[in-house]
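Remarks on the structure that follows.
All values below were derived from every heavy atom in this structure, side-chain atoms included, with hydrogens, water molecules and symmetry-related copies excluded. Chain letters run A, B, ... following the sequence lines, proteins first, then strands; residues in each count from 1.
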2 protein chains.
Amino acid sequence: MTATVHTLPRSDASLAPILALTADGMNHVNAIILDRMQSKIPLIPALAGHLIAGGGKRMRPMLTLASAALLEYEGARHYKLAAVVEFIHTATLLHDDVVDGSDMRRGKQAANVVFGNPAAVLVGDFLFSRSFELMTEDGSLRVLKILSGASAIIAEGEVDQLTAQRQLETSEERYLQIVGAKTAALFAAACRIAAVVAERDAKIEQALDDYGRNLGIAFQLVDDAIDYDSEVAESGKDKGDDFRDGKMTLPVILAYARGSEDERAFWREAMSGKRTSDEDLAHAISLIARHDAVNDTRERAKHFANRAIDAISGFPANPARAAMIEAVQFAVARRF
Amino acid sequence: MTATVHTLPRSDASLAPILALTADGMNHVNAIILDRMQSKIPLIPALAGHLIAGGGKRMRPMLTLASAALLEYEGARHYKLAAVVEFIHTATLLHDDVVDGSDMRRGKQAANVVFGNPAAVLVGDFLFSRSFELMTEDGSLRVLKILSGASAIIAEGEVDQLTAQRQLETSEERYLQIVGAKTAALFAAACRIAAVVAERDAKIEQALDDYGRNLGIAFQLVDDAIDYDSEVAESGKDKGDDFRDGKMTLPVILAYARGSEDERAFWREAMSGKRTSDEDLAHAISLIARHDAVNDTRERAKHFANRAIDAISGFPANPARAAMIEAVQFAVARRF
């Protein structure tokens with residue numbers, strides 16, 4: 001049943017099955033998102049719409065719907081809660097881009113560039129507040145506990161990442177803690193809440209949490225690998241953003257650990273912000289390639305991907321399970 | 001019973017009664033605040049502590065406790081919820097200071113100056129998330145609805161204020177809408193939730209909401225008056241911040257409406273950010289004094305103060321009611 005795990009990454013893996021599985025449901029979710037991001041203050045839907053309407057894979061709400069389908073949930077509560085998950089994610093993206101001074105997001109100008117940092121901070125706050133209003137309308141204290149806890153952990157992870165920025169001594173362990181908090185906590189919560197609305201037991205909740213958490217870690221590892229992948233032309237974010245921000249992601253951590261004294265001297269200068277030119281970035285990419293650090297980051301991602309797949313291997317085989325497994329395979333195989 | 005309303009402002013009014021009334025309770029609240037602002041990420045309590053331990057009147061949690069005392073509530077739930085109110089307030093202060101680029105807060109360097117804007121944004125997010133965790137622990141969906149709704153309205157008010165910045169045509173009506181959202185909504189909610197924990201009916205909830213909302217508006221009006229008061233030496237924030245930020249507060253709105261063509265030309269330049277020197281500020285203060293705009297802003301504040309007092313005039317006369325009335329009188333009489 002879990003034989004698939006040994007063939008990772010499947011380069012032909014696709015999001016098509018999970019997209020098809022959740023297409024109808026996502027129409028409901030998108031309608032709720034559009035409806036509930038409105039406000040009598042016109043700047044709020046304008047700014048929120050820039051980001052929300054501006055694409056993005058909507059992975060997280062899709063995972064809530066897929067998890068509900070896995071459990072053969074027949075109700076409608078998960079639509080609103082999936083919108084909640086996307087609102088929380090959007091709020092953190094808005095704040096992240098302010099924190100990082102990002103220029104690009106999802107292939108277009110970041111909201112903070114178009115509308116300014118103040119508006120991006122405040123509209124993030126609005127979406128975050130609105131997400132709690134929606135949760136309260138749903139009325140499950142269990143869901144509120146899961147998502148308020150995840151939100152606090154996300155913020156902790158973001159602060160931790162900020163603290164680790166430009167710190168060459170950041171270990172792989174600390175990096176994984178940061179990724180687990182800033183990215184994987186919301187993936188885990190997005191899946192877990194499906195078990196709550198489907199009124200399943202703690203074991204099922206935990207299995208879905210494990211699936212989401214490990215997928216989230218794998219997803220972020222691949223994201224971080226792509227930023228230094230010499231074979232990848234572009235990504236939604238600006239190539240080299242992590243490098244110029246001095247983010248201690250796993251490709252850098254591995255290349256630094258394996259590097260010569262000269263290479264380490266380069267990394268120290270680069271991560272402190274003294275080397276940010278295109279040539280410096282090209283040199284960084286070449287060092288990372290020399291030490292196989294992109295490939296090994298992807299290998300680490302496969303480890304977590306396998307754990308994600310195993311977490312749901314005990315569920316009955318249904319189309320949702322197949323789609324969720326293929327989504328994991330896609331996450332580790334993707335090159336954009 | 002409400003004869004006091006006609007003697008506003010009572011210049012000898014003091015916060016002493018409400019401080020005495022809530023002193024024991026505030027020890028519980030402060031212990032919860034200190035305990036729950038902790039995190040394994042050291043920057044979080046460091047930054048939060050800078051602001052939270054850095055003084056401030058703790059008006060909002062005090063109002064939750066005073067409202068509970070007014071209703072002779074005997075339980076302990078209000079301590080945690082008062083801490084929630086202060087966390088929400090602290091989160092908005094952190095984000096406000098980033099949005100405004102503030103240098104000073106509560107008479108010392110603002111957190112964004114000491115720790116940087118990124119940390120201030122993210123720790124604000126943490127405190128906001130933590131506040132929802134605490135509410136969820138309390139477990140009242142009614143309280144969650146009130147405070148998540150207030151949080152969304154606060155964010156809307158902040159965005160609206162940002163939109164109105166440097167817009168000379170901002171009307172008194174719009175200004176009052178902004179104040180009602182960005183400041184008064186949390187005052188209203190802080191008082192209203194006491195009625196929920198005391199399990200009182202909708203009419204009592206509404207009366208406490210009215211008290212808090214009107215007090216909040218009066219409080220903000222006086223705050224805005226103080227920033228241009230020629231008789232006031234200093235306030236917790238930097239004198240002239242509103243002027244330099246081009247904030248359309250009521251003293252400016254009134255002075256502009258009543259000004260000559262020359263004066264209006266000055267205001268247009270000043271609010272657009274072209275006149276920000278100390279001399280310009282002194283000129284602005286003189287124009288505002290010429291048109292009695294500080295005094296009239298205080299007069300407007302008295303109107304809302306009277307409404308706040310009337311809102312609780314139907315409650316049995318007890319020490320809490322007396323302290324809450326005197327707190328209103330203090331709010332409009334204060335000169336700092």
- Indicate yes or no: at least one non-hydrogen side-chain atom of A/Leu47 is less than 4.5 angstrom from one of B/Val159. no
Exercise. Return the orientation label for the B/Phe132 and A/Phe132 ring planes: parallel under 30°, perpendicular over 60°, tilted otherwise.
Key: parallel
Suppose we count any N or O donor within 3.5 Å of an acceptor, strictly below that value; which pairs fall between chain B and chain A?
unit_1, atom_1, unit_2, atom_2, d
B/Ser39, OG, A/Glu156, OE2, 2.6
B/His95, ND1, A/Asp125, OD1, 3.0
B/His95, ND1, A/Asp125, OD2, 2.6
B/Asp125, OD1, A/His95, ND1, 3.0
B/Asp125, OD2, A/His95, ND1, 2.7
B/Ser129, OG, A/Ser151, O, 3.4
B/Ser151, O, A/Ser129, OG, 3.4
B/Glu156, OE2, A/Ser39, OG, 2.6

Distance col, row A/Leu122:CG vs B/Leu162:CG, nearest 0.5 angstrom, shows 6.0 Å
Ranked by heavy-atom pairs below 4.5 Å to chain B, first place among A/Leu127, A/Leu134, A/Val99 goes to A/Val99
